[in-house]
Amino acid sequence: MNDDDEEFHCRDIKNDSKDDNSDSYEDEDEDEEPFKKPTDQKTDSEVIAKEDDKIELSKIKESRYNSKVEDDNTDDEEEERGYQEKEKQPQESEQGDREYGHSKPHDDYSEDEREESTHDEDETEEEGFIPDPQTHVVTFIYEDDLTEPVLLKDNIFERAKDSLHLDAIPDKLPGREGEKAHIQAFLEPKINLGESGGTLYIAGMPGTGKTATVKEIIKNLQVKRKKSAIKLFRFIEINCMQLSYPDQLYQTLYSKLQFGRRSARPKTSEEALRLLKKRFNSNSAKKDFVIVLVDEFDCLLTKKEQTVIYNLFEWPNKPASKFVVIAISNTMNLPDQLSSRVKSRMGLQRLPFQPYNTQQLESIIKYRLGGLEAFDQDSIQLVAKRVATVCGDARRALEICRKAATIALQQNELDNLVQKVTDTHIDEVFKQFSLPIRRKLNQLSLFEKLFLYCVCKESKRINSLEVVYGAVYRKLQETTLSKGMYCPTESEILQLAGSLGGYKLILFEDDKPINWDHLLKLNISQVDLFYGLEEDEDLQTII
Ligand SMILES: Nc1ncnc2c1ncn2[C@@H]1O[C@H](COP(=O)(O)OP(=O)(O)O)[C@@H](O)[C@H]1O
Ligand SMILES: [Mg+2]
């Protein structure tokens, strides 16, 4: 295994520290780890983008909750409380803190809701992240009252950069109206009826607004709750990227259900699983209705051991559980990779998020900018079109615009004549982004480049990062034959794939010999690849 592959295989390393007593997963095949999730993986270009990012937004503020423990008289929860008491030892708490320190808490109740739902005062260890309305982008942009310049940055490009920042939370997500309605219709009746049941499985390519859309709906529901328009519910978010191994989900989930109190964190996954089973089977009337968002769900998948996924999908089906799961994945065909035992439990609704098209990306960028005239309309169109052609990733489109605003800002400081971001700035960004990739691509043969191109096209076609080798093979064959050129043999194409794997430009699902159904994916940004390939004139005549 090469160093470059660390993201892909990092769970192998983390698994070394797995608690030996922890669970029933001894037979888990550690070679068969799923692809690690790409969205948080920094591409070269993302690193470039971040280097220039001097503005630290204070859009997110941390606030401490006064968390309280539910007072429930059922035997189960008595037992849970007993367990928590046992755990209340300072040393263990500190240790737990380190272990979990990296995971960003989100959740749950507004402070009012906590008051409403809980009874005992208790110290909390979790910090919530709440968007600061004072710095809300669109609020600023539409600020008519210019007597308050303190809030506004002087320079138009700086303001544009703030608006386009990925952490800036827009109050609306254009282009996802249908998906929003679907999620809302899935959740709201369940909350109101206190009905358990069902998993919503959301899948789509990175940057298609999956996480942002779910959070927007939750925010809307929380607003409704504040107005008492719907019943009380709790929201818990778990990002599976932050788990060291799949069954750590049990501890994380249980801990979050207990408002993240360190003292309530079970020591082992086994213990957590036992407590969770009790909770979801108990008939306590006081139990909260809980919506759990399991983000980057693909990270839970291993071929042999799917008990965690099975349980996660099983619990919402328990009539007493008051539990709903929203699973988000970058892999469209993930349910097909599940064993029939797991599939039979799923009963899930699937909601695909298609890549954004040019028009949608244009609206997203414009909405983010509000009325700010920092960009030529043509330049916005150019970004939208280029990104939509390759992957429809809003994150990428916003990054490109932001980087272009940085370049314009630098030029503006030297020469006041630069008033807007233009196509030239956008071109410059594409050049910079794809420079490291271009260097790598320049060393590849024509067919190796063509293979990468086919992976990219197939990925876009099926709206999934992971593609099967056989489909890429066919695409490459079709492309060459349609141009009347030499088509590499089966073994030559296998060799191409193998060497691209060796260069770490593509990742395979495991180290086993490549077969027809083998899953693989690009290990570089599609946008960078696409524009990196533009330099090759021979290739351009083929594709
Ligand atoms: N429709 C949209 N309008 C505005 N911003 C969006 C939209 N969709 C995505 N974004 C932004 O793009 C970035 C990636 O979105 P995210 O929901 O994290 O994508 P995913 O979860 O599908 O990978 C976020 O910064 C988000 O705010
Ligand atoms: Mg996401």
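Remember, it's 1-based here, ligands and their atoms both numbered in the order they're listed. Scope of the values below: all heavy atoms of this structure, side chains included, with no hydrogens, waters or symmetry mates.
- If you number the atoms of ligand 1 from 1 as listed, the ones under 4.0 Å from a heavy atom of Ala212 come out as 17 (O).
- Of the inter-residue distances, the one linking Lys210 atom NZ with Thr208 atom OG1 reads 3.5 Å to the nearest 0.5 angstrom.
- Between atom 6 (C) of ligand 1 and the options Asn330, Leu173, Leu164, the minimum heavy-atom separation is to Leu173.
- Interface of Leu166 with ligand 1, defined as ligand atoms under 4.0 Å from a residue heavy atom, comprises 25 (O).
- If you check each of Glu177, Arg368, Arg396 against atom 11 (C) of ligand 1, the one with the closest non-hydrogen atom is Arg368.
- For atom 23 (O) of ligand 1, the candidate residues are Gly207, Ala394, Gly175, Gly204; the nearest heavy-atom contact is made by Gly207.
- Listed by number with element, the atoms of ligand 1 under 4.0 Å from a non-hydrogen atom of Leu398 are 11 (C), 12 (O).
- Every atom of ligand 1 with a heavy atom of Pro206 under 4.0 Å away is listed here by number and element: 23 (O).
- Electrostatic pairing of Lys161 and Glu158 does not count as a salt bridge here, judged by no charged N lying under 4.0 Å from a carboxylate O.
- Here's the thing with Pro174: one of its N/O atoms is less than 3.5 angstrom from an N/O atom of ligand 1.
- Taking the six-membered ring wherever Trp is involved, the centroid distance between the rings of Phe297 and Phe313 falls below 6.0 Å.
- At a threshold of 2.8 Å, the Mg ion (ligand 2) has no backbone or side-chain N, O or S atom of Asn330 nearer than that distance.
- Neither the backbone nor the side chain of Tyr367 comes within 4.0 Å of ligand 1, counting heavy atoms alone.
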